[in-house]
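Below is one structure, written out as structure tokens; comments come after it.
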Amino acid sequence: MAVFQEIESAISTAIQRRLRERFDLTLDVSLEQPKQASFGELAIPVAFQLARQLKRPPRRIAEELAAGLDAIAGVSSFEIAGNGYINVRLDRAAYAQSLFAASRGGPAPVPGKIVVEHTNINPNKAAHIGHLRNAILGDTFVRMLRERGREVEVQNYIDNTGVQVADVVAGFHFLEKKTPAEVRALIEDPAVRFDYLCWDLYARVSSHYQQEPAALAWRGDTLHAIEAGEGTLAELGTLVADAIVRLHLATMFRIGVTYQLLPRESEILHLKFWATAFELLKERKAIYFEEQGKNKDCWVMPATAFREGERSEDDDKIIVRSNGTVTYVGKDIAYQLWKFGLLGKDFFYRRWSAYPDGSQVWVTTDHLSESGAPSFGRAKQVFNVIDSRQSYLQDVVVAGLRALDYNAQADASTHFSYEMVALSPRTCLELGIALSEEDKRRPYVEVSGRKGLGVKADDLIDKLIENALCEVEDRHPDAPADERKRVAEQIAVGALRYFMLKFTRNSVIAFDFHEALSFEGETGPYVQYAAVRAGNILRKVEERFGPPPDFAAALSGDLLAQCFADETLWQLLLLASKSGSLLERAIASGEPAHVAKYAFQLAQAFNNFYHEHSVIAEPDLARRSALLWLTTFVRDQLAAVLHVLGIEQPVYM
RNA sequence: GGGGGCGUAGCUCAGUUGGAUAGAGCAUCAGCCUUCUAAGCUGAGGGUCACAGGUUCGAUCCCUGUCGCCCCUACCA
């Protein structure tokens, strides 16, 4: 356990013991961070809680509690403050020394696999900025979990047989009259951006449907052919979906997002996952066949299963349509059951692609598995990263589990929801999108794939790299070109990932080019810059004075006490030492934004230190060693947090 | 109509299970590069925490109501 957490728990225990002694009470003692650093390192507000119960002034209670406390290792004093706070001051030298001793191995592994499903882009067109938010949130949450010892499996669900793919296939076949061979040539032509081409085609097909509703028959025919897996339309479906998935994975790899398994809807269909789930649902009477009313001839789930309040037929959710086909939610229930290992059947698997580090992406298949496939699914806990507009459907999925009596798994299913990325009116104008007077007054305008209205992910990444490269070339005109390119890419990814993470999940992002392209203030590059500066100090000190000493031996208690009497130095050390407990809290609240905020604050504290203290110019050797250790410690923590955020540290900036 | 979310500085957003003087970035203004890199630092101005009640020793936070904005409420996903 991290040093800070150990002290927190020792204090809680001591207060609890004192509560039993003095008041014969047992209750949880929570600690908080004081409003001001000058109050100390920790504050115990427990006296306020007791004031009501004991009908006595909180300050008196706090005094009585503090008076009988035994000494705690690492704590130098307890003080009564304000109206009844017990403020804790730490023994700074002892705290610093215990940081040397803390194990570097990280947290112990936590048993039980966690499945995180994210990205899930319809494979029919280029990814846009909304998809980037999904992937970056999901990927960062995965990194947070892994950093804290959890076993995580990342799945990217591919809806390769849905309406959106069908529409693009219909566009190629009916609108463009293209054969599979011609489409394949487009895919293989390096001069063609196939996902961009599909982006435009999808918009054209959608507007064609608007003008000629009769053409909607194309969609039905195509869906039918794809589901049957036969004929030209099915062949086109496979070509389009596979090609687009490859492009999506390439886009996501640019920003450091990777996957382990691509479960596909085609296998959910062909391997009769739905049929199995259907039998289960019927057997347990989770759904029923409606014989009358507006849902006549459909299999429906009663609204009472997933919603509070009065039962109304209007709210019931159709799972199987009157024509016998299953809705997306039905397939999703089957998929969710499989994730927990509850379906009683499994996919077959084959290799899809490998990343440069050798790690493998697998895809589901409906016939014999390739050897070497790991055991997928069978999760203890599941997180579905899906935008908040689909919360109703996610509720239905969980209700399905509950209706089958899988309550533990229902409880372990989390809809990791987030709000959409819309466009600021200013950005719409920059993109040449015409807005009504009404839209101009709105805080944001929703993107629309059908209208082809949006910012493509690769365009944004390209633009970020271009801007970053200008800055790098400005600052490092003599550096090799390929190295500058690499640095620019790292800065661009840092800016993008931080931008998508700085907002909490339930806040709509009104995407604004000006803000997203900024490298100053609360941004990824700001944090990267602090890390680079720390690295520069360590490098220069080593160049000038040789390798660093063995800190544990070189830094005496007296020296540390003297050094960390300085508030700037102490606050920096303290903040840097809290990364572990911060990560745990961010995991518990499911909020990657908290990690981003922490990284920024740590970078800010370091920049503060950087301007107030010079390590190289420090004449006193012992004190220089202390500053050097602090720099090393902060650099390591910054590097770790950046890694969790999926942001790399450039060699220079 | 029903369900959910939001309303905090000029703008974009944080705000830990209710607690000490409500914070950050951007923008504006005034300073700081002969330095371990100024993608940085220091300072200033800027607030009816939408509004009205209630609970509480104490409310931006909890409850009720009102106003405004958004999403969902498909035999689309």
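No experiment lies behind these values; they were computed from the predicted model shown. Residue numbers begin at 1 in each chain, while the letters A, B, ... track the order of the sequences.
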Could you give the [atom1]-to-[atom2] distance, from [X] to [N], as a whole number of Å?
X: A/Q394; N: B/G4; atom1: CD; atom2: P; result: 18 Å
X: A/W629; N: B/C36; atom1: CH2; atom2: C1'; result: 19 Å
X: A/F499; N: B/A14; atom1: CZ; atom2: P; result: 12 Å
X: A/E265; N: B/C76; atom1: CD; atom2: P; result: 13 Å
X: A/E419; N: B/G7; atom1: CD; atom2: C1'; result: 14 Å
X: A/I509; N: B/C6; atom1: CD1; atom2: C1'; result: 15 Å
X: A/H611; N: B/C32; atom1: NE2; atom2: P; result: 15 Å
X: A/N295; N: B/U73; atom1: CG; atom2: P; result: 15 Å

Hey, does [X] reach any base, or is it just sugar-phosphate, or nothing, if we go heavy atoms under 4.0 Å?
X: A/V487; answer: nothing
X: A/V163; answer: sugar-phosphate
X: A/S388; answer: nothing

I'd like a table of atom pairs between the protein and nucleotides 22-29 of chain B - only N or O on both sides, under 3.5 Å - with the distance next to each one.
{"residue": "B/G25", "atom": "OP1", "partner": "A/Q604", "partner atom": "NE2", "Å": "3.4"}
{"residue": "B/G25", "atom": "O2'", "partner": "A/E522", "partner atom": "N", "Å": "3.4"}

Point to revise | Residues in salt bridge (Lys or Arg N to Asp or Glu O under 4.0 Å) contact with A/D387, at least two apart in sequence or another chain | key: A/R389

Practice item. Not counting sequence neighbours, which residues clear salt bridge (Lys or Arg N to Asp or Glu O under 4.0 Å) with A/E591? List them please. Key: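 Salt bridge (Lys or Arg N to Asp or Glu O under 4.0 Å) list for A/E591, sorted by chain: empty.
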
Review point. So, is A/N83 near the phosphate of B/G58, with a side-chain N or O under 4.0 Å from OP1 or OP2?
Key: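 So the side-chain polar atoms of A/N83 never come under 4.0 Å of the phosphate oxygens OP1 or OP2 of B/G58.
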
Review point. Quick one: is B/U42 close enough that its OP1 or OP2 comes under 4.0 Å of any side-chain N or O from A/N608?
Key: yes

Taking RNA chain B as the partner, which of [range] come within under 4.0 angstrom of it by heavy atom?
range: residues 528-538 of chain A; answer: A/Y529, A/R533, A/N536, A/I537
range: residues 320-327 of chain A; answer: A/R321, A/S322, A/T327
range: residues 579-596 of chain A; answer: A/R585, A/H594

Check your understanding: Short question: side chain of A/H118, backbone of A/Q155 - any donor-acceptor pair under 3.5 Å?
Key ->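 No, because the side chain of A/H118 does not come within donor-acceptor range (under 3.5 Å) of the backbone of A/Q155.
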
Practice item. Tell me whether B/C6 sits syn or anti, counting syn as a glycosidic angle within 90° of 0. Key: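 It is anti.
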
Check your understanding: Taking for each residue the nucleotide of RNA chain B with the nearest heavy atom, is it A/E515 or A/M420 whose nucleotide lies nearer the 5' end?
Key ->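 The 5'-side residue here is A/E515.
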
Revision key, fill the gap. Between A/L31 and A/Q164, the residue closer to the 5' end of RNA chain B by nearest nucleotide is A/L31

Practice item. With P as the reference atom in both, quote the distance from B/A52 to B/U8 in angstrom, rounded to an integer. Key: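 My reading of the P atoms in B/A52 and B/U8 gives 16 Å.
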
Check your understanding: Quantified in whole Å, what is the P atom distance between nucleotide B/A9 and nucleotide B/C13?
Key -> 11 Å

Point to revise | Within residues 487-496 of chain A or reaching into it, pairs that qualify as salt bridge (charged side-chain N to carboxylate O under 4.0 Å, His left out) - sequence neighbours excluded | key: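 Pairs touching residues 487-496 of chain A that pass the test: A/K485-A/E489, A/R486-A/E489.
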
**Study point:** Pairs flagged by salt bridge (charged side-chain N to carboxylate O under 4.0 Å, His left out) wherever residues 29-42 of chain A is involved - sequence neighbours left out
**Key:** A/E41-A/R92

Review point. Do the ring planes of A/W299 and A/F278 sit parallel (below 30°), tilted (30 to 60°) or perpendicular (above 60°)?
Key: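 Ring orientation, 0 to 90° scale: perpendicular.
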
**Study point:** Canonical and wobble pairing (Watson-Crick, G-U, under 3.5 Å) of RNA chain B, dot-bracket with |
**Key:** (((((((..((((.....[...)))).(((((.......))))).....(((((..]....))))))))))))....

Side-chain donor/acceptor pairs under 3.5 Å, residues 418-427 of chain A, sequence neighbours excluded:
{"residue": "A/Y418", "atom": "OH", "partner": "A/N134", "partner atom": "ND2", "Å": "3.0"}
{"residue": "A/E419", "atom": "OE2", "partner": "A/S388", "partner atom": "OG", "Å": "3.3"}
{"residue": "A/S424", "atom": "OG", "partner": "A/T427", "partner atom": "N", "Å": "3.1"}
{"residue": "A/S424", "atom": "OG", "partner": "A/T427", "partner atom": "OG1", "Å": "3.1"}
{"residue": "A/S424", "atom": "OG", "partner": "A/F511", "partner atom": "O", "Å": "3.3"}
{"residue": "A/S424", "atom": "OG", "partner": "A/D512", "partner atom": "OD2", "Å": "3.0"}
{"residue": "A/R426", "atom": "NE", "partner": "A/D512", "partner atom": "OD2", "Å": "3.2"}
{"residue": "A/R426", "atom": "NH2", "partner": "A/D512", "partner atom": "OD1", "Å": "2.8"}
{"residue": "A/R426", "atom": "NH2", "partner": "A/D512", "partner atom": "OD2", "Å": "3.2"}
{"residue": "A/T427", "atom": "OG1", "partner": "A/F511", "partner atom": "O", "Å": "3.4"}
{"residue": "A/T427", "atom": "OG1", "partner": "A/F513", "partner atom": "N", "Å": "3.1"}

Kindly list each side-chain donor-acceptor pair under 3.5 angstrom involving residues 516-528 of chain A, sequence neighbours excluded, with atom names and distances?
{"residue": "A/S518", "atom": "OG", "partner": "A/E520", "partner atom": "N", "Å": "3.2"}
{"residue": "A/S518", "atom": "OG", "partner": "A/E520", "partner atom": "O", "Å": "3.3"}
{"residue": "A/E522", "atom": "OE2", "partner": "A/Y498", "partner atom": "OH", "Å": "2.9"}
{"residue": "A/E522", "atom": "OE2", "partner": "A/K597", "partner atom": "NZ", "Å": "3.4"}
{"residue": "A/T523", "atom": "OG1", "partner": "A/F519", "partner atom": "O", "Å": "3.4"}
{"residue": "A/T523", "atom": "OG1", "partner": "A/Y526", "partner atom": "N", "Å": "3.3"}
{"residue": "A/Y526", "atom": "OH", "partner": "A/N607", "partner atom": "ND2", "Å": "3.1"}
{"residue": "A/Q528", "atom": "NE2", "partner": "A/Q490", "partner atom": "O", "Å": "3.1"}
{"residue": "A/Q528", "atom": "NE2", "partner": "A/E648", "partner atom": "O", "Å": "2.8"}

Practice item. Using the test ring-ring contact (aromatic ring centres under 6.0 Å, His included), find all partners of A/H128 that sit at least two apart in sequence or belong to another chain. Key: A/H131

